[in-house]
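Encoded as structure tokens, the structure appears first; notes follow it.
Quick note on labels: first sequence line is chain A, next is B, and so on, each numbered from 1. What you see below is based on every heavy atom in this structure, not just the backbone, and it leaves out hydrogens, waters and symmetry mates.
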Protein chains: 2
Amino acid sequence: MEHLKLDNQLCFPIYAASRLITSVYRPMLEELSLTYPQYLVLLVLWEKESATVKELGEKLWLDSGTLTPLLKRMQEKELVLRTRDKADERVVNITLTEAGKQLKNKASDIPNQLISCMNMEIEQAVQLRNQLQALLTNHSNPI
Amino acid sequence: MEHLKLDNQLCFPIYAASRLITSVYRPMLEELSLTYPQYLVLLVLWEKESATVKELGEKLWLDSGTLTPLLKRMQEKELVLRTRDKADERVVNITLTEAGKQLKNKASDIPNQLISCMNMEIEQAVQLRNQLQALLTNHSNPI
DNA sequence: TAAAATTAAATTGTGTACAATATATTTGAA
DNA sequence: TTCAAATATATTGTACACAATTTAATTTTA
């Protein structure tokens, strides 16, 4: 039963680290009136300008049950527009408003702030990221 | 702005890995009618037999706003008892019921199933865990 | 081409997370 | 000793996550 000890688990540190990181982000993102998942949506849109709900879901591994209400809240804050695709009415296109685009400037220092809060060497962070990305691609039960 | 690219982030893989892992646990835990956080509570209690809400919160980094309703659900499922401490009425002691103790046998193979689902070498998993534990202890903004 | 299958979002319901606040109890200092 | 501060838990409110189902539109196929 040694494997059932909390300290021996790999999964608990991942779960704890994930919540730690969003808690470190929270005060920074609060200044932009954003939650961490909303910030992730903006990271995608700052690269792509426009994306469908499906595309956002594939990049962030979130389903419409999570994204639909989240995107509605972002629309209420006038960060994005949600428009049905003319060519395929099933699809909803998410595009940045001017305010949504401008927020990128305000957010530009967040990654550096994060790194310094975590007290991590860059090489260590890169190595950890690579291991996690391996974990994400290797598991035999894709979501 | 290179740091604002999703692929360059450390935090997104941690967030994604955390959700991936709970999604791998979910079908296994569903057979025990448990959620992942409920399973974590049992991991603590299988080691300690009894703990206060505060102790559970310290081990799992969760507050009473999360734990109180979670523990009430576990009590409804008759896995734990919640009893006010006689010596200090502020404290609530959480103890395992017989059913809660017995569940440990049913859960004994879950860690192995998990590892095999993740397609990871043990050494790799240990290294990743150590890096995450370093991250958890090193950050300068403790929760 | 009309019905069946597929697809994309939305909806519903349950269970975390967590900030902020409230309540009740205990401790400690004047 | 008494009242203010501290402590432990509970409550309230907001926002994810995600399974399961529904709705509407498109594509496939008989």
Side-chain angles (χ1 to χ4, degrees), chain A residues 12 15-27 29-30 33-41 51-58 60-77 79-80 82-94 141-143, chain B residues 12 15-27 29-41 51-58 60-77 79-80 82-94 141-143:
Chain A
F12 176 65
Y15 165 77
S18 176
R19 290 190 296 120
L20 170 63
I21 281 176
T22 58
S23 81
V24 174
Y25 268 113
R26 192 168 294 114
L29 292 176
E30 213 151 68
S33 300
L34 290 174
T35 64
Y36 181 64
Q38 290 170 15
Y39 171 69
L40 292 178
V41 166
T52 66
V53 173
K54 180 180 155 66
E55 284 166 349
L56 289 172
E58 282 167 354
L60 305 179
W61 301 15
L62 293 169
D63 69 7
S64 70
T66 301
L67 286 172
T68 297
L70 184 155
L71 293 167
K72 282 183 178 174
R73 284 188 285 271
M74 292 182 76
Q75 186 176 39
E76 277 168 30
K77 290 190 280 198
L79 296 174
V80 300
R82 298 163 62 249
T83 46
R84 286 276 164 192
D85 193 299
K86 279 287 194 306
D88 185 341
E89 291 273 357
R90 292 171 302 182
V91 173
V92 169
N93 290 305
I94 309 298
N141 183 20
I143 54 172
Chain B
F12 176 65
Y15 164 77
S18 176
R19 290 191 295 118
L20 170 62
I21 282 176
T22 58
S23 81
V24 173
Y25 268 112
R26 191 167 296 112
L29 292 176
E30 212 152 69
E31 293 182 32
L32 314 183
S33 299
L34 290 175
T35 64
Y36 182 62
Q38 290 170 13
Y39 171 68
L40 292 178
V41 167
T52 67
V53 174
K54 179 180 156 66
E55 284 166 348
L56 289 172
E58 282 167 354
L60 305 179
W61 302 15
L62 294 168
D63 69 6
S64 70
T66 301
L67 285 172
T68 296
L70 184 155
L71 293 167
K72 283 183 179 174
R73 283 188 283 273
M74 291 181 76
Q75 186 176 41
E76 277 168 29
K77 287 190 283 198
L79 296 173
V80 300
R82 298 163 62 249
T83 46
R84 287 277 164 189
D85 192 299
K86 278 287 194 305
D88 185 342
E89 289 274 356
R90 292 172 302 183
V91 174
V92 170
N93 290 305
I94 310 298
N141 182 21
I143 52 172

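- For Y15(A), counting side-chain heavy atoms from C-beta on, the closest listed nucleotide (dA17(C), dA17(D), dA19(C)) is dA17(C).
- Side chains of L67(A) and I94(A) form no contact here, defined as non-hydrogen atoms less than 4.5 Å apart.
- Applying the side chain to side chain contact (heavy atoms under 4.5 Å, CB included) test to T22(B) and every residue at least two apart in sequence or in another chain returns R26(B), Y36(B).
- Here the CG-OG1 distance, from L71(A) to T66(A), works out to 10.5 Å after rounding to the nearest 0.5 Å.
- Atom CD in E30(B) sits roughly 13 Å away from atom C1' in dG15(C) (whole-Å rounding).
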Identify each atom pair where a protein N or O and an N or O of nucleotides 7-9 of chain C are less than 3.5 Å apart, giving names and distance.
residue	atom	partner	partner atom	Å
dT7(C)	O2	R90(A)	NH1	3.1
dA8(C)	OP2	K54(A)	NZ	3.4
dA9(C)	OP1	V53(A)	N	3.4
dA9(C)	OP1	V92(A)	N	3.2
dA9(C)	OP2	K54(A)	N	2.8

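- Residue pairs meeting the salt bridge (Lys or Arg N to Asp or Glu O under 4.0 Å) criterion with at least one partner in residues 85-94 of chain B, sequence neighbours excluded, are D88(B)-R90(B).
- Look at CG on L29(A): it is 14 Å from C1' on dC16(D), rounded to the nearest Å.
- Between the OH atom of Y25(B) and the C1' atom of dG15(C) there is a distance of 18 Å, given to the nearest Å.
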Would you tabulate the nitrogen or oxygen pairs shorter than 3.5 Å linking the protein to nucleotides 13-15 of chain D?
none

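- A straight line from CG of L56(A) to P of dA10(C) spans 11 Å, rounded to a whole angstrom.
- Considering only residues two or more places apart in sequence or on other chains, K77(B) meets the side chain to side chain donor-acceptor pair (under 3.5 Å) condition with Q38(B).
- The nearest whole Å value for the distance from the CZ atom in R19(A) to the P atom in dA19(C) is 11 Å.
- Summarising the geometry, the separation between CG on L71(B) and P on dG15(C) is reported as 14 Å, rounded to the nearest angstrom.
- For E55(B), there are no side chain to side chain donor-acceptor pair (under 3.5 Å) partners at least two apart in sequence or on another chain.
- As a whole-Å value, the separation of L62(B) CG from dA8(D) P is 17 Å.
- Of the two residues near DNA chain C, T22(A) and D63(A), the one whose nearest nucleotide lies more 5' is D63(A).
- Residues satisfying the side chain to side chain donor-acceptor pair (under 3.5 Å) test with R82(A), not counting sequence neighbours, are Q75(A).
- OP1 or OP2 of dC16(D) has not a single side-chain nitrogen or oxygen of K72(A) nearer than 4.0 Å.
- Contacts of Y39(B) classified as ring-ring contact (aromatic ring centres under 6.0 Å, His included), with partners at least two apart in sequence or in another chain: Y25(B).
- Looking at which nucleotide of DNA chain D each of K86(A) and L67(B) is closest to, the 5′-most match is held by L67(B).
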Open item on the list: Apply side-chain contact (heavy atoms from CB on, under 4.5 Å) to residues L62(B) and V41(B) and explain how you reach the verdict.
Closed with: CA-CA 10 Å; L62(B) 294 168; V41(B) 167; 5.9 Å; no
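- For the OP1/OP2 pair of dA17(D) and a distance below 4.0 Å, the side-chain nitrogens and oxygens of Y36(B) include no atom meeting the criterion.
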